[in-house]
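By convention in this document, chain letters (A, B, ...) are assigned in the order of the sequence lines, proteins followed by strands, and residues within each chain are numbered from 1.
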2 protein chains.
Amino acid sequence: MKKTSLSDIAKALGVSKALVSLVLNDRGDEVGINKETQKKVVRMARKMNYKPNMVARGLRLGASKTIGLIIPNIANLFFARIARVIEDEAGKYDYRVMSVSSDENPEKETGLIKVLLERQIDGLILASSLKDRTEIMNLKRDRVPFVLIDRHFPQIKCNYVITDNYHAAYNVVTHLINQGFKKIGLLKITPAYLTPIKLRFEGYRDALHDHGIRFDKRLVKEIPFGGIKNVMEQSLTELLFKPVSADALFFLNNDLTIAGLGVISTLGLRIPQDVAIVSFDDLELFRLLYPPVTAVAQPWQEMAKEAVRILIKEIQSPGKNNNNKTQIMLPARLEVRKSCSKF
Amino acid sequence: MKKTSLSDIAKALGVSKALVSLVLNDRGDEVGINKETQKKVVRMARKMNYKPNMVARGLRLGASKTIGLIIPNIANLFFARIARVIEDEAGKYDYRVMSVSSDENPEKETGLIKVLLERQIDGLILASSLKDRTEIMNLKRDRVPFVLIDRHFPQIKCNYVITDNYHAAYNVVTHLINQGFKKIGLLKITPAYLTPIKLRFEGYRDALHDHGIRFDKRLVKEIPFGGIKNVMEQSLTELLFKPVSADALFFLNNDLTIAGLGVISTLGLRIPQDVAIVSFDDLELFRLLYPPVTAVAQPWQEMAKEAVRILIKEIQSPGKNNNNKTQIMLPARLEVRKSCSKF
DNA sequence: TTGAAAGCGCTAACAA
DNA sequence: TTGTTAGCGCTTTCAA
């Protein structure tokens with residue numbers, strides 16, 4: 001059974017495609033089509049189980065009503081929650097979302113951008129892992145509406161919505177210092193060139209400095225995105241025992257925290273007596289761990305909402321405003337729990 | 001700057017669209033097009049920053065190379081992980097995934113199916129919340145390739161990949177009974193008509209029966225999908241104190257477990273001394289809770305892989321095999337941890 | 001109040 | 001070895 005198209009209906013009724021199109025798009029009254037005719041069309045459409053072909057419509061109209069979403073990994077709850085909000089918000093404007101995972105891999109991401117553009121997405125939201133800015137510059141040059149989230153490129157004038165990573169990290173480290181911790185290990189995710197990672201690192205470094213603690217590079221570890229499970233044990237062993245002997249750990253994302261907690265548990269260390277813990281990214285279960293894990297709660301909901309709002313606005317204002325880009329930095333909230341209190 | 005199309009290239013080169021199309025689809029040699037001409041075309045395409053329009057291509061070919069994915073909620077890690085595997089597997093065949101969240105709401109899901117079909121997806125994977133089977137029957141009637149995952153409809157002959165929910169639940173309850181627990185509370189998610197919920201319930205009921213324990217309906221609670229946080233406290237209070245006094249709780253999905261753990265912690269109850277816990281769905285952090293939470297680890301990876309494999313096979317074998325549907329039931333693994341050991 | 005025709009960008013069949 | 005034509009399903013003129 002073939003799908004029914006506009007012209008099938010038109011033929012069955014002995015009218016023109018144009019008329020059917022008008023009626024089915026609720027423009028019958030506007031154009032002034034006979035009520036009776038309209039009814040006939042609608043009835044026949046239902047009878048023939050007509051489903052409009054949005055692809056054809058999109059081709060004709062030059063708009064797919066689809067936005068692309070590039071994130072490192074949909075199976076990371078931070079991004080999954082963002083994806084969910086983006087889906088809901090975009091849905092309000094009748095946009096659908098095609099989301100893809102880049103695995104923090106710039107080459108893969110470049111390929112995905114191409115794929116999405118070829119599919120004629122109307123706009124793009126990226127939590128980008130790109131190292132190089134040329135790819136983003138190309139988007140600008142090609143006038144593709146896009147919004148960066150979570151990670152941005154300071155040199156590029158474009159829309160973005162990010163967390164205030166610097167101050168969030170600064171506050172974490174200040175809190176730890178105030179609690180009496182002095183040797184604070186930092187666990188970064190690779191690639192370390194990502195702006196959030198860099199800014200969190202700077203917040204860490206400056207907080208130490210401002211409190212008179214000398215920066216010790218042995219306290220900083222990088223864990224590759226693809227090998228967290230394998231590398232974490234080694235890194236923590238180096239951090240937690242002599243000669244480094246960290247007394248607190250600051251994990252820069254939730255994947256790291258989860259893996260780190262596993263290793264600490266395996267090593268039989270107590271939190272916070274043997275080592276204090278803070279996580280960038282908050283998860284519901286952190287509150288229920290023993291002891292509950294102190295975490296930076298990022299404003300993922302606002303971030304996603306704003307991103308969609310900005311993107312849709314830009315999509316719908318073709319051409320103009322091409323030089324007024326929106327840049328938003330949202331504060332994070334530090335959820336202080338027992339994992340970093342000095343007993 | 002307008003996007004360049006095939007005919008722009010053709011015009012610039014003084015050749016035909018067809019030729020350009022052939023060359024750019026790597027069919028130049030096959031058809032026997034002059035090497036020099038081919039080079040010219042490729043060079044010009046690059047120079048003009050040509051990007052094929054997959055929407056137009058799809059319209060012409062009658063295939064969008066897109067599959068739809070309907071799940072209850074992408075922000076639930078069980079489904080997020082599945083979505084990730086589906087994305088990866090589909091990508092191997094050059095298919096992209098458009099995923100949407102139904103919120104366990106049949107009306108919303110019906111709308112989403114319509115939206116996806118209108119967008120000309122080539123096939124559909126559903127973790128369906130539908131109550132009624134008519135919608136699924138319509139998919140069959142319209143010859144839409146589809147695969148059900150996680151939830152199936154026993155009366156309908158179609159592709160599905162599910163967990164062996166009955167035996168998984170049976171084993172959980174048997175284990176609890178063997179540990180000496182007798183009053184096992186069951187927390188279902190609403191809608192309770194979903195096959196996994198029903199089958200898990202039956203496994204629970206039969207295990208009780210086979211071990212000579214009388215079924216007590218006061219031990220069974222239903223928590224609405226949209227109101228877990230609000231209702232959980234009330235339900236657990238009823239279950240855990242007199243007159244019911246459950247000594248163990250079996251949560252039928254991870255959202256329930258997380259919420260339940262929160263309430264238990266608030267109530268100041270100890271696990272497993274005051275109440276034992278088992279979760280359907282395993283999360284990494286469950287292992288790290290105090291005590292670690294016993295959980296049913298579902299075969300989400302195999303489920304997603306199989307679903308894609310079956311779907312693509314069906315998409316690529318048009319018409320034929322219309323009556324040989326694949327039905328797979330995968331075993332789950334019970335991860336026994338301390339949360340349900342009789343101290 | 002309705003219809004005819006053009007065209008979005010692409011590919012396949014057929015011609016030359 | 002290359003070109004022409006038709007048409008996928010839709011919307012938008014413009015004409016009747």
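- Salt-bridge annotation for A:K92 and A:D88: absent, with no side-chain N of the basic residue lying under 4.0 Å from a carboxylate O of the acidic one.
- Across the protein-nucleic acid pair, B:R119 atom CZ and D:dG9 atom P stand 18 Å apart, rounded to whole Å.
- Heavy atoms of A:S5 sit under 4.0 angstrom from primed sugar atoms or phosphate atoms, though from no base atom.
- The A:N34 side chain lies nearest to C:dT1 when the options are D:dT2, D:dT12, C:dT1.
- Residue A:L19 is classed as a sugar-phosphate contact, given heavy-atom separations below 4.0 Å to backbone atoms only.
- In this entry the distance linking CZ of B:R27 with P of D:dT2 reads 16 Å, nearest Å.
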- With salt bridge (charged side-chain N to carboxylate O under 4.0 Å, His left out) as the test, would you mind laying out the steps for A:D142 and B:K3 before giving the verdict? CA-CA 8 Å; A:D142 295 343; B:K3 290 179 199 164; over 6 Å; no

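- Remark: P of C:dG7 and CG of B:L59 are 17 Å apart, rounded to the nearest angstrom.
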- Message: Using the rule given for salt bridge (charged side-chain N to carboxylate O under 4.0 Å, His left out), can you reason through B:D8 versus B:K17, listing the C-alpha separation, both sets of side-chain angles and the distance that settles it, and then say yes or no?
- Response: CA-CA 9 Å; B:D8 293 332; B:K17 287 194 302 179; over 6 Å; no

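- DNA chain D is contacted by both A:N53 and B:G14; B:G14 maps to the nucleotide lying nearer its 5′ end (nearest heavy atom per residue).
- Side-chain contact check for A:N73 and A:E104: no donor-acceptor pair (N or O, by modelled atom type) lies under 3.5 Å.
- When the C1' atom of D:dT12 is taken as reference, atom CG of A:N25 falls 11 Å away, rounded to whole Å.
- Between B:R96 and B:S64, the side chains place no donor N or O within less than 3.5 Å of an acceptor N or O (distance only, hydrogens not considered).
- Note on A:V55: nothing from the nucleic acid sits closer than 4.0 angstrom, heavy atoms only.
- The side chain of B:K17 has D:dA6 as its nearest neighbour among C:dT2, D:dA6, D:dC10.
- Rounding to whole angstrom units, CZ of residue A:R57 and C1' of D:dT12 are separated by 12 Å.
- Taking only side-chain nitrogens and oxygens, A:T37 comes nearer than 4.0 Å to OP1 or OP2 of C:dT2.
- Nearest-nucleotide positions on DNA chain D for B:A18 and B:L61 put B:A18 closer to the 5' end.
- For B:S16, the listed nucleotide lying nearest its side chain is D:dT4; candidates were D:dT4, D:dT2, D:dC10.
- Between the CG atom of A:L6 and the C1' atom of C:dG7 there is a distance of 15 Å, rounded to whole Å.
- One atom, CD of B:E30, and another, P of D:dT1, lie 14 Å apart when rounded to the nearest Å.
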